[in-house]
Enquirer: 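I have a structure here, written as structure tokens, and I will follow up with some questions on it.
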Amino acid sequence: MKERDILAIPGPTMFHPMVLRSLGVENMGHMSREFVEVFSKALKDLRKLVYADDSVQPVVLSGSGTLAMEASVSNMISKGDNILVVVNGYFGWSMRDILSRYPVNIDLIEIKSPGEVVDNKRILEKLDEKEYSMVTVTHVDTSTGVRHPIKELAEEVRDRNCILVVDGVCSVAGEEIRMSEWGIDVLFTGSQKALGVPAGLGILWLSEKALRRLKETESSLSPYYMDLSRWIRVMKSYEEMKPIYYATPSVNLIWGLWKSLKIIFDEGLENRFRRHKILSRALRKGLKAIGLDIMAKEEYAASTITSVYLPEGVSPYDFKREMLNRNVVIAGGIYPGLREKYFRIGHMGIMDFNDGVSILAAIERSLYSLGYGLEPGAGLKAYQDTLMSDGV
Ligand SMILES: *Cc1c(COP(=O)(O)O)cnc(C)c1O
């Protein structure tokens, strides 16, 4: 028998069986009434997911999170613009790489060491120095497992003539994001992370301020497939149940997205964010109890992903193999210069407290098999204690 693996990587995550089943929906046209209804509902639900008001425009593209990343900036820039890229880890540098393909001036503001986030004060000082048309920030950086205090930043940027672009690929649907209340202008994610839908959808949300900027810069640099103005017309047409064509939407994946959103709202957003928070905290306590160090400072630790330093002398390849032998798939490190030193656990989407027990138990046994001295059950005990103190 093929044993069941626990997929504890930061996407693709584990998918709810109902979502997987929904992908096998009967053949249907992208203009069919059934599909149009589902897409229309999914667009409305996407606003609810990030507490966005009606003025916010969601856009669903076919492609991965990186497409959403590029679409989020490429439509709203003019030649010679100054753009500030906040780097909390790997995906900040990815944003720099994307923007470097465009005729803009990029300034970076980077963390001093992995596990920190760039201080909002430093960002605001930088914004005072020069006229920036845009600032980009990663909400949860998937390489280090930190969460940026976005609310505090957004509240300061909202009254400036500067668009705040937030990479929510590793946070949307796992961390609370109140887009309209906080004042985020552009937010984006990919389907395969906390949203719990197979890879293939890049999803963006644009605020009123972002939509205004989009109009101003419309003819400046004009990507074709990524043309958000065109896509917005398509999204509006589907939401109003009078579909128009631009390029074929991913019918089955959008069906899966709608199903996953239903499952998310059945649980309740607040319950979902609380589950992620408690699970991640209990895992960190368990990992620390067996002597492992967490990369993220506790005050910035994300609820969707944890980066963990390996004990001296344990190679990530051996450790990943031992974990896989115990049916748990974890991810290696991607932070430059530290790839051999740490591993990552993704714990978002439908992952639950029972999965946490299995992951932690497999970590204890894997480390033990590699000669690392530990008290069996020490991590599990701390995990249990934390859950119990949270009434789980
Ligand atoms: C995964 C991820 C991306 C890239 O998404 P893909 O779907 O792999 O293209 C971008 N930003 C963050 C924060 C991510 O976690």
Side-chain angles (χ1 to χ4, degrees), residues 6-11 13 86-97 108 110-118 138-148 167 169-171 193 279-348 351 356 358-376 378-379 382-383:
I6 291 179
L7 192 55
I9 62 172
T13 54
V86 178
V87 178
N88 288 322
Y90 182 95
F91 286 100
W93 289 305
S94 300
M95 189 51 111
R96 172 203 56 197
D97 293 345
L108 290 188
E110 300 174 313
I111 40 170
K112 296 183 177 115
S113 70
E116 298 177 347
V117 297
V118 176
T138 318
H139 188 200
V140 168
D141 190 279
T142 326
S143 66
T144 64
V146 294
R147 179 183 55 237
H148 194 99
D167 178 344
V169 181
C170 198
S171 64
K193 305 228 172 151
L279 173 60
S280 60
R281 201 167 74 95
L283 281 171
R284 290 195 300 276
K285 293 261 179 161
L287 293 160
K288 283 183 204 159
I290 47 179
L292 301 180
D293 290 327
I294 309 295
M295 191 179 281
K297 285 203 177 131
E298 185 62 25
E299 57 178 316
Y300 304 123
S303 300
T304 49
I305 172 138
T306 302
S307 292
V308 191
Y309 285 109
L310 284 160
E312 201 62 48
V314 174
S315 108
Y317 309 103
D318 293 343
F319 180 62
K320 264 165 71 175
R321 187 198 60 233
E322 290 301 323
M323 287 293 283
L324 196 56
N325 287 340
R326 291 165 179 81
N327 302 99
V328 178
V329 187
I330 50 154
I334 54 168
Y335 193 90
L338 290 177
R339 286 188 174 87
E340 311 278 306
K341 303 270 185 220
Y342 79 105
F343 67 97
R344 297 177 301 152
I345 309 168
H347 35 77
M348 59 187 118
M351 187 167 281
S358 305
I359 294 167
L360 214 50
I363 289 174
E364 288 190 354
R365 300 203 309 282
S366 296
L367 286 177
Y368 180 82
S369 75
L370 293 168
Y372 176 69
L374 56 80
E375 170 87 21
Y383 179 83

Enquirer: Do Met95 and Thr138 come within less than 4.5 Å of each other through their side chains, counting heavy atoms only?
Expert: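 No; the side chains remain at least 4.5 Å from each other.
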
Enquirer: Specify the closest pair of heavy atoms between Ala8 and Val328, including all atoms of both residues, with the distance to one decimal.
Expert: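 Distance-wise, the nearest heavy atoms are CB-CG1, 4.3 Å.
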
Enquirer: For Phe91, does its backbone N or O pair with a side-chain atom of Asp141 as donor and acceptor, under 3.5 Å?
Expert: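 Side chain of Asp141 to backbone of Phe91: a pair is present.
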
Enquirer: State the CZ-OG distance between Arg321 and Ser369, to the nearest 0.5 angstrom.
Expert: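 These two atoms lie 8.0 Å from each other.
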
Enquirer: Looking at every non-hydrogen atom in both residues, tell me the closest pair between Gly379 and Ile290 and how far apart they are.
Expert: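 For Gly379 and Ile290, the tightest heavy-atom pair comes out as N-CG2, 3.6 Å.
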
Enquirer: Between Tyr309 and Leu287, is any pair of side-chain heavy atoms under 4.5 Å apart?
Expert: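 No - every pair of side-chain heavy atoms lies 4.5 Å or more apart.
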
Enquirer: So, for Ile111 and Gly89, which heavy atoms are closest and what is the spacing to 0.1 Å?
Expert: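 Of all heavy-atom pairs spanning Ile111 and Gly89, the closest is CD1-N, 4.2 Å.
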
Enquirer: Does the side chain of Thr306 come within less than 4.5 Å of Arg284's, by heavy atoms?
Expert: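 Touching, per the 4.5 Å side-chain cut-off.
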
Enquirer: Check whether any side-chain heavy atom of Pro311 sits under 4.5 Å from a side-chain heavy atom of Leu292, and report yes or no.
Expert: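 With C-beta onward as the side chain, the pair touches.
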
Enquirer: Heavy-atom count check: over 12 atoms from other residues, nucleotides or ligands less than 6.0 Å from Lys288 NZ?
Expert: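 Counting other residues, nucleotides and ligands, NZ of Lys288 exceeds 12 neighbours.
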
Enquirer: With heavy-atom distances below 4.5 Å as the criterion, would you say the side chains of Tyr383 and Ile359 are in contact?
Expert: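 Not touching, per the 4.5 Å side-chain cut-off.
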
Enquirer: Could you tell me whether Glu298 atom CD has more than 12 heavy atoms of other residues or ligands within 6.0 Å of it?
Expert: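 More than 12 heavy atoms, drawn from other residues, nucleotides or ligands, come within 6.0 Å of this atom.
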
Enquirer: If you look at every heavy atom in Gly145 and Ala296, which pair is closest and at what distance?
Expert: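 Looking at all heavy atoms of both residues, the closest pair is O-CB, 3.4 Å.
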
Enquirer: Determine, step by step, whether Lys320 and Ile330 satisfy the side chain to side chain contact (heavy atoms under 4.5 Å, CB included) criterion, reporting the C-alpha distance in whole Å, the side-chain angles of both residues, the deciding distance to 0.1 Å, and the verdict.
Expert: CA-CA 6 Å; Lys320 264 165 71 175; Ile330 50 154; 3.9 Å; yes

Enquirer: Atom NZ in Lys341, atom OG in Ser307: separation rounded to 0.5 Å?
Expert: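 The OG atom of Ser307 is 15.5 Å from NZ of Lys341, to the nearest 0.5 Å.
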
Enquirer: Between NE2 of His139 and OG1 of Thr304, what distance do you get to the nearest 0.5 Å?
Expert: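 If we round to the nearest 0.5 Å, His139:NE2 and Thr304:OG1 are 8.5 Å apart.
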
Enquirer: Please report the shortest heavy-atom distance between Ser280 and His347, naming the atom on each side.
Expert: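 So the minimum-distance heavy-atom pair works out to CB-CE1, 3.5 Å.
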
Enquirer: My understanding is that only one of Ile305, Asn88, Ile334 makes a side-chain contact (heavy atoms from CB on, under 4.5 Å) with Ser143; could you say which?
Expert: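 When side-chain contact (heavy atoms from CB on, under 4.5 Å) is applied between Ser143 and each of Ile305, Asn88, Ile334, only Ile334 qualifies.
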
Enquirer: When you compare the side chain of Leu360 with that of Leu283, does any pair of heavy atoms fall below 4.5 Å?
Expert: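 A side-chain contact under 4.5 Å exists here.
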
Enquirer: To the nearest 0.5 Å, what is the distance between CZ on Arg147 and OG on Ser303?
Expert: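 Answer for the CZ-OG pair, Arg147 versus Ser303, is 5.0 Å.
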
Enquirer: Using only atom types and a distance under 3.5 Å, with no angle test, would you say the side chain of Glu322 pairs donor to acceptor with the backbone of Leu370?
Expert: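 Such a contact is absent between Glu322 side chain and Leu370 backbone.
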
Enquirer: Please tell me whether Phe319 and Phe343 form a close aromatic pair, meaning their ring centres lie under 6.0 Å apart.
Expert: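 Yes, ring centres under 6.0 Å apart.
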
Enquirer: Are more than 12 heavy atoms, taken from residues, nucleotides or ligands other than Tyr368, located less than 6.0 Å from that residue's OH atom?
Expert: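 Result for OH/Tyr368: open.
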
Enquirer: Rounded to the nearest 0.5 Å, what's the gap from CG on Leu324 to CD1 on Ile6? Could you check?
Expert: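 Spacing of CG (Leu324) from CD1 (Ile6) equals 12.0 Å.
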
Enquirer: How many angstroms lie between atom CG of Leu310 and atom CG of Leu367, to the nearest 0.5 angstrom?
Expert: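 Interatomic distance, Leu310 CG to Leu367 CG, rounded to 0.5 Å: 7.5 Å.
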
Enquirer: Return the set of residues passing side-chain contact (heavy atoms from CB on, under 4.5 Å) with Arg365 (not counting sequence neighbours), or none when no residue passes.
Expert: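 Applying side-chain contact (heavy atoms from CB on, under 4.5 Å) to Arg365 gives Arg326, Ala361.
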
Enquirer: Would a 4.5 Å heavy-atom cut-off, applied to side chains only, mark His148 and Tyr300 as touching?
Expert: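 They are not in side-chain contact.
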
Enquirer: Would you say that Pro114 contacts Tyr342 through its side chain, given a criterion of any heavy-atom pair below 4.5 Å between the two side chains?
Expert: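 With C-beta onward as the side chain, the pair stays apart.
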
Enquirer: For residues Met348 and Cys170, report the shortest heavy-atom separation together with the two atoms involved.
Expert: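 That closest heavy-atom pairing would be CE-SG, 3.7 Å.
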
Enquirer: Any carboxylate oxygen within less than 4.0 angstrom of a Lys/Arg side-chain nitrogen, looking at Glu110 and Arg96?
Expert: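 No, Glu110 and Arg96 are not salt-bridged.
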
